[in-house]
Structures are given as C-alpha cells and as structure tokens.
Amino acid sequence: MLETFSLLGHGFAVAFSLQNLGAALFGGILGLIVGAMPGIGSLAGCALLLPLTFHFDPTTAIIMLGAIYYANMFGGAFSAILINIPGDAPAIMTALDGFSMTKKGQPGKALFISNYSSFIGGFIGMVILVFLGPALASFGLNFGPSEMTVLMLVAMTSISWLVGENPIAGIIATCLGMMISTLGIDIVSGQIRYNFGSIWLLGGINFVPLVIGFIGMTQLFDLVIQDRKKEKISYVDVKIKFRDTLLTKDEYKRATRPSITAGLIGTFIGFLPGAGATAASFLCYAVEKKISDGKTLVPLGQGAIEGLAASESANNAAAAGAFGPLLALGIPGSGTTAVLLGGLMMWGLNPGPMLFTTNPDFAWGLIASLFISNILSLAISLGCIPWLQKIVRVPIGVMIPSILVICFIGSYSTSNSMFGVVIMIIGGFLGYIFNKCSLPVSPLLLAFVLSSTLETNLRRAFLTSNGDLTVFLARPITDVFLVIFLIMILVPMGRAIYSKIKKN
Amino acid sequence: MLRKLNWRCIIFIATAILGVIWVVLGFGTYGFWSAEEGPGAGFFPAIIGCVLVFFSVIECIRSFGRYEVKFDKDALFVVGSVAFILILNFIVGLLLALLAYYIVWLKCVEKYPWKKVILITLFYGAIMYGIFSLWLQVPFPTGLLGLI
C-alpha cells in the first residue's frame, strides 16, 4: 500500500513539471473542443490530435495524450446535451436526460451535472486503477510466451468480433490489420518481407497516418454527405450564464449518489476487456432506472438529474478503468484506447505486465496525469460553459476543410514525408468503402497495434516448445484464456445463426 | 451472374486474393519453418493469409446477390478536395495548398461571402501555421515555388 502511494507520488512529481502541466492543459483544451464538436467524437478526436504529441519527449507526450483522451471523454457529452447529437457512443444515454433538461431551459445545470458526475466517476475509476492496475500487472508477470499469445488473441476478440452483427466481417478486418502490420522488416529475424520492392514499405506502415485515414478521413466523408444533403440540426436557442449552472443543495444530493454508484460499476465494467465506456453507460443507466424507479422528480429519460449523472459518471469511470487492462496487460477495451495504445507504442512504450516494473516513470506518470487531466478537464469545462454553444455550433461547412487540413498536416508531420499522406488517403478511401460494405474498422486498427506482440510471442512459444502445439494447453492460465477466446468467438457466431433461424 | 456481384463481394474477392499472396510469399519466399530456427518470417503472415482466404470466401458466398451497396455521389467532393490539395502541393507547397483549399471550399462549395471566407481562412490558417510550422517546426514541402 505504502509503496503504491510512493510510486503514485513519484508519478505526480513527474507530471507536475511546468512543461508537463502545460502539455496537459493544452491537450485538455484541444481535446475538449474537438470532443465537443458534433460528428467528431472521442475516437476521431484522439486520432486527429495524436500527431501534436510527437514533438515532445516521451513522458510529456504521454501526459498530453492522456489529457487529450480524457478531455475528449468530457467533451463528448456537450453536443449530446446542447443539440441532442452525442459526440460519441457513450454519450447516447447522456442525450436522453441532458437534452430534455436543455429543452426545459436548464442547459447550464445539465452541463454542470455532466461535468460534476464525469469528475466523480473519473476520480473513482482512477483510485481503483491505482490499486488494481499494479495487482493485475503482477498477475501478468507469470505469463510466458504461450500465455501472452493466447492473451493477445483474447484481446483481439474483445472488440473485434463483439462489434457489429457479423462476426465474420470482424475476423476479416482483424486479419487485414494483422497483414498490414507484417509489411516491412520482420521484428524477430530482421528479414525484409512484403515490401514488394518499395523502399517506402521497408519501415512498415506508420500507425498515425493509418488511424487518421481510417477514422478521421472516413468521418469526413460522412460530414460532406451530411453537408451536401443540407441536413439541418435543430438547435434550442438558449443563452447560458454562469449563475444558471449553479445547483441547489438538493440537486447536488440527487446527482452525487448516482454518480458514486455508477462510478463504481462503471470502473468494474471498464476493467473488463471489450466492455468499454458505452456498455458502462448503458448498464449504469439501466441500474439507475431500477434504483430510482418512482423516486425521482421526473422520470428517467425526461430530464432526470439522476439519469444524466449515472450515464456521465459511468462512461468516465469506465474510461479510467480501461487503463487497467491497457497498461497491465496491453489490452485496449475500445477503439479509442486502441488509438491510445498505438500512440504509447510509438514511443517504445509497450504496455503489458512488465510496464510497471521496467517503466514506472511512464506508467505512474500517466496515471498521475489522468488525475490532473480530470481536474483540468473539470476546470476547463466549467469555465467554457458560456461558450460551449458556439463550439458545438461550428458549421459543418467550416468543419469539413478544417478536418481535411488536420488529416493532411497530421499525417505529414508524423514522418515529415508525403508517404504518410499517401497512407492516410488510402486508409480514408478504404475506410469509406469498408463503412459502405459494413466492415468494421476498429478491429483492423486493434489488430494492427497488437499484431507484433502476438507474432513475437507465438514464434517464441513455438521455438521453446520445438513446434509442439500442446504448449498452449499445458498451463492453467492458457486454458482459461483459450476458453474465454472460444466463448468470444462462438457466442457471437451462435447469436448470428440463432437470429437468422429466428428470422426465417 | 455478374449482376449479383456487388461491392461487398468484390471487397471479399480482393481480400481473398490478398490472403493468397500472403500465403504464397509466406510459404515460398520468406520461409514458413526451418528445422534449426523454428518459425520463419513467413510463418505468421501465412497463417493469417489462410484464415483470411477461408473467411473471405465464406463471406463472399454469403454476400452474393444479397447486399446492395450504394456509394454517395457527394463523396466525390472529398476525392476532388484531396486531388486539388495534392496537385497544388507540387506547385506551391503543402501549407499554401491547404490555405487555397480553405478558400475554394468556403467560397465555391459553401458559397460564403468573401469577408467570411477570408476571416475563417486567416483564423484557421494562423492556428495551423502557428502550431505546426512555428511551434512544432514541421518542415512542410514547399513545392516548385520553393525552388525559385
């Protein structure tokens, strides 16, 4: 316990330097603005802002990345509350009560409750992360190559095949991600492979242009189509002043209890690989509906403080909790954390069981920066409330060239070469076609990020066992992971077959 | 028969072909397994290729004649935008090309008045230039203009 506090204290010492605080503040402001813009969301927000972190030293870059990620989670709620367009999937439940409050002339209170509950949920998630993260990592220290291989397979199934109605499409996207990662130099033998004679492919494909293309530019297609169809967004015209945001004692009470409950449940869900912030938000909203049935001033879904608080607290708690499996085992629970993982790996930081022992500065610096980001995001969000209307109402016509410009500059600046831009453009067009053909993109990116760890451990496992396949059955941990892996493949497939039979 | 071939089928045929290439190169060129060194550089890609071919064929058969994928004509605006920036980049460099794109998009597509176009372009242009060129010192390509 004391050691944990001392390591966290060290993390704060790292995070509290002027440069790191400045980076966190800058990342927080940008993350909040981008997250608040309707139609961008936390996934595209993180992808588009990732290149900004390249020119710092690794610790500062990671702190800034943490701030961008966390502020994006805060910002996702604003467009849901003010214009009924959730910035990202976890904010869907926020829109139910948040927008109802706006329609009733209480947008200021809704925004304040959203920030207040996000802060509480995030804080609970981070406290639990401080204690469970290292425990999970020390459990992971027992893992050899065979365990790591099966763990990586579980990680890939965690978001790959659970998303979407078609598990096979998820498997195909996963394979494509793994194939892209094999381009360039083989990390085990140093042999050049799959470069097809091109010197550009020798170093493989850079993650950032790929993610900017597949996420940022694909988003651009949707925005352009929406813009050309002249789809109007219905605004509720209200002016927000600071004094309108202040809560009464009773309102604080009504927001605090659901925030704490949802914070605890949300963190637990965040720790489960694959569940993520969206599942946490939906589940906690349902739990809150059960708990407060008949006890709220207005029913949930019609502007109830309790519903708004539960949804916001849950998704931020899950976002913090997701750092547990991400840092300790290298398993991202969502598309956004997969982007974050890719960003971390770009600085040679390999999340996994060894992280807390070999890179305590990074691990604890990042955790400490999450606490700081939580406070900064709260402060920035509260300070921005009167101007949020303007941020979420940036016309799509202005957002389109801005996003494309960021896509170009971001993908160029990662390698200072137009090859990055080419990758981004190819990724963008492929992403659009994938979207049209109902092929999920997140599994491809997750597989791309995890593939090198999977390949290295798979080959090591076979090398140490002289090619004996039973190496994956010899230890109880691998058996457990294999069972989870099989369940994760078979359940969605069974579900798809069952629904098809039912339809027929 | 060809009428039933939709975009989804074409995608899965393409992924199956990619899978075959990965398998062939994995087994043939890069080495699948050696008695002394165990799994070679082609080991993992060949396995992935096999899985990809298997599932692509299944999905292609499943999609045959069942899905109708329609692409929106408005997506061409993005294609045009990308082409405009890339061509102009060779002449005036990336930053000026992006600024010109802002102006063309806001004026010709969005039909904003000139005053608004210039104000928005200057505002966003200054932010981009300040952050990436001045602060992060990204050496942007200057195109043919840079050679003068």
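Per chain, numbering begins at 1; letters A, B, ... match sequence-line order.
Chain B forms the most heavy-atom pairs under 4.5 Å with one residue out of A:Leu458, A:Leu463, A:Leu404, and that residue is A:Leu404. The most heavy-atom pairs under 4.5 Å with chain B, out of A:Ile187, A:Val188, A:Leu439, come from A:Leu439. By number of non-hydrogen pairs under 4.5 angstrom with chain B, the leading residue of A:Phe429, A:Phe221, A:Phe434 is A:Phe221. Residue with the most contacts toward chain A among B:Pro39, B:Ser56, B:Ala35: B:Pro39 (heavy-atom pairs, distance under 4.5 Å). Among A:Ile425, A:Asn466, A:Leu220, the residue with the largest count of heavy-atom pairs under 4.5 Å with chain B is A:Ile425.
The aromatic rings of B:Trp33 and A:Phe462 stand perpendicular to each other, their planes meeting at an angle above 60°, with 30° marking the opposite boundary.
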- When you look at B:Tyr101 and A:Phe408, which way does the ring-ring contact (aromatic ring centres under 6.0 Å, His included) test go after all the steps? CA-CA 12 Å; B:Tyr101 167 64; A:Phe408 265 85; 8.1 Å; no
- Task: With ring-ring contact (aromatic ring centres under 6.0 Å, His included) as the test, would you mind laying out the steps for B:Phe71 and A:Tyr432 before giving the verdict?
- Result: CA-CA 9 Å; B:Phe71 289 98; A:Tyr432 174 65; 5.7 Å; yes
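Looking at A:Leu183, the atoms closer than 4.5 Å to chain B (heavy atoms on both sides) all sit in the side chain, from C-beta outward. For a residue to count as touching a neighbouring chain, one of its non-hydrogen atoms must lie under 4.5 Å from one of that chain's; by this rule B:Val104 does not touch chain A. For A:Thr182, the part lying under 4.5 angstrom from a heavy atom of chain B is the side chain only. If you measure heavy-atom distances from A:Glu455 to chain B, the contacts under 4.5 Å come from both the backbone and the side chain.
Looking at heavy atoms from C-beta onward, B:Leu86 lies in side-chain contact with A:Met418 at the 4.5 angstrom threshold.
Of all the heavy atoms in B:Lys70 and A:Lys436, the pair that sits closest is O-CD, 3.3 Å.
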